[in-house]
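Since the structure comes first, as structure tokens, the remarks are kept for the end.
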Number of protein chains: 2
Amino acid sequence: MTSTTTRERLLGSARTLFQRQGFAATGIKQILEVSDAASASLYHFYPGGKHDLAADAIRTSGAEYQALVESVLDSAPDPCAGVRACFDGAASTVEASGYQDACPIATVASEIANTDDELRQACADVFDSWIDAAAKRFRAAGVKPAAARELAVTFIMLLEGGFLMARVRRDAAPLRRAGRTMEALVRASLDS
Amino acid sequence: MTSTTTRERLLGSARTLFQRQGFAATGIKQILEVSDAASASLYHFYPGGKHDLAADAIRTSGAEYQALVESVLDSAPDPCAGVRACFDGAASTVEASGYQDACPIATVASEIANTDDELRQACADVFDSWIDAAAKRFRAAGVKPAAARELAVTFIMLLEGGFLMARVRRDAAPLRRAGRTMEALVRASLDS
DNA sequence: TCGGCGCTGGAGAGATCATTCCATCCGCTG
DNA sequence: CAGCGGATGGAATGATCTCTCCAGCGCCGA
């Protein structure tokens, strides 16, 4: 039996709802209902309320997705196949969820970028961490540090753009094609 | 003297606020304050309220941004320089606004993609229209139709990913570098 | 068995939300 | 000048929002 604590259920529901609906559109009430928890429990674990909960959701979702991407990259024979597998996996996830689940933090990040500097910084940290993880692997494959970082930034930008396009247009094909484009860019960097 | 009607002020404020804060985080009250209009006026021009107003904001902002992109592309000597100018211009706009103004519809699009099918469709139409406009120009430069369309989709994906990255990380450099990457992709398509 | 404490149930405070309503106003036309 | 219809000011609607409070629950060490 997998026991789930109230705190875990709160965080889990919040992560899912924030990912799918964003920050402002997700109500505390809705999180409590999905979590089957009392409001006092939320404010017990997260004294800062919705804001604290969102910060935790951003950090944990960011770390979890990074671990997923790293495992995909590391289990591929080379970075070219690795990045393509990331896009293909992302496309499959988006499709499988009925175009609901894409990037775990993008919707919130876009929403609060101008209005909440603390959450904005949390999202920036997540992106930086993703970029570092990818750049490290490109370097390990022989790409020069500066180029590896640029390649990693492009990787995340293309992935985010692909997520948005797929969700809005209800079509995961562009995400897969973006994977091939990214693969070509990585290959070009490896050859030089 | 430029006379502005109440309807124009309502739509203008709504467009700006939705772009910067998203749909859910922007209140009718705030729109009315910025517009200096009465609530009855809003419901007079937009009987469907906030929803109708957002639909109009998405459509008009989408069309306006498309016109801007088209003028940049058409005034460049070739599509390579054109796409780069689009990214450079986007980066400058983001910087000049203090990282507030990026894509006019991305924040709302991301927010409502799972929850409001009518607004989602409006956003999808805008993206499709942008893609068509870019693909048309790539074809005119000699790129085969299928490749031109893929290139155009990549263009928008990279632009959207760049907007998000720039806003969240408060750094427009990735947006400019994305422009060079996109330029290289267009050039490669022209050569083949 | 008892005391302490982390945790929870439930009621509700206080603010803000989108929306409605109606009397009134303004500019146009007859 | 009379009258009509589009547009507006402002109050009030009910719903919903986040957050607080406190009594009491159950678990765990002594």
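From a predicted model like this one, the values you see are computed outputs, not experimental measurements. In the text below, chain A, chain B and the rest are named by the order of the sequence lines, each starting its count at 1. Both backbone and side-chain heavy atoms feed into the values below; hydrogens, waters and symmetry mates do not.
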Exercise for the section: State, to 0.1 Å, how close Ala166(A) and Ala172(A) come at their nearest heavy-atom pair, and which atoms those are. Expected result: CB-CA, 4.2 Å
Problem - Residues within residues 109-119 of chain B bordering DNA chain D, heavy-atom distance below 4.0 Å - result: none
Handout entry: Residues within residues 31-45 of chain B bordering DNA chain D, heavy-atom distance below 4.0 Å
Key = Ala38(B), Ser39(B), Ala40(B), Ser41(B), His44(B), Phe45(B)
Completion exercise
Sorted by chain and number, sequence neighbours left out, side-chain hydrogen bond (donor to acceptor under 3.5 Å, both in side chains) with Glu118(A) holds for none
Completion exercise
Here the residues of residues 13-30 of chain B within 4.0 Å heavy-atom distance, strictly under, of DNA chain C are Thr26(B), Gly27(B), Ile28(B), Lys29(B)
Fill in the blank from the handout: Taken in chain and number order and not counting sequence neighbours, the residues that satisfy side chain to side chain contact (heavy atoms under 4.5 Å, CB included) with Asp52(A) are Tyr46(A), Pro47(A)
Could you list the donor-acceptor pairs under 3.5 angstrom formed between side-chain atoms of residues 148-165 of chain A and any protein atom two or more places apart in sequence or on another chain?
from: Arg149(A); atom 1: NH1; to: Asp132(A); atom 2: OD1; distance (Å): 3.0
from: Thr154(A); atom 1: OG1; to: Glu150(A); atom 2: O; distance (Å): 2.9

Does [X] reach the side chain of [Y], with side-chain heavy atoms less than 4.5 Å apart?
| X | Y | answer |
| --- | --- | --- |
| Met182(A) | Leu185(A) | yes |
| Ile105(B) | Phe127(B) | yes |
| Phe45(A) | Glu8(A) | no |

Exercise for the section: Could you note down all residue pairs passing side-chain hydrogen bond (donor to acceptor under 3.5 Å, both in side chains) where residues 137-146 of chain B supplies at least one of them, sequence neighbours left out? Expected result: Asp74(B)-Arg137(B)
Exercise for the section: Any pair with a residue in residues 95-105 of chain A that passes side-chain hydrogen bond (donor to acceptor under 3.5 Å, both in side chains), sequence neighbours left out, goes on the list, sorted by first then second residue, please. Expected result: Arg20(A)-Asp101(A), Glu95(A)-Arg176(A)
Exercise for the section: Would you confirm whether Gln66(A), through its side chain, and Ala133(A), through its main-chain N or O, come within 3.5 Å as a donor-acceptor pair? Expected result: no
Handout entry: Stepwise salt bridge (Lys or Arg N to Asp or Glu O under 4.0 Å) test for Asp56(A) and Arg59(A)
Key = CA-CA 5 Å; Asp56(A) 199 11; Arg59(A) 274 185 273 268; 5.4 Å; no
Fill in the blank from the handout: Here the ring-ring contact (aromatic ring centres under 6.0 Å, His included) pairs for residues 50-74 of chain A, sequence neighbours left out, are Tyr65(A)-Trp130(A)
Handout entry: Residue pair Ser41(A) / Arg9(A), side-chain donor-acceptor N/O under 3.5 Å
Key = no
Problem - Leading and trailing nucleotides of DNA chain C with any atom under 4.0 Å from heavy atoms of chain B - result: dC17(C) to dC21(C)
Completion exercise
Nt span of DNA chain D in reach of chain A heavy atoms at under 4.0 Å, 5' end first, is dC17(D) to dC21(D)
Fill in the blank from the handout: ring pair (Phe, Tyr, Trp, His ring centres under 6.0 Å) filter on Phe138(B), not counting sequence neighbours, yields none
Exercise for the section: Mark yes when over 12 heavy atoms from residues, nucleotides or ligands other than Asp36(B) sit less than 6.0 Å from its CG; otherwise mark no. Expected result: no
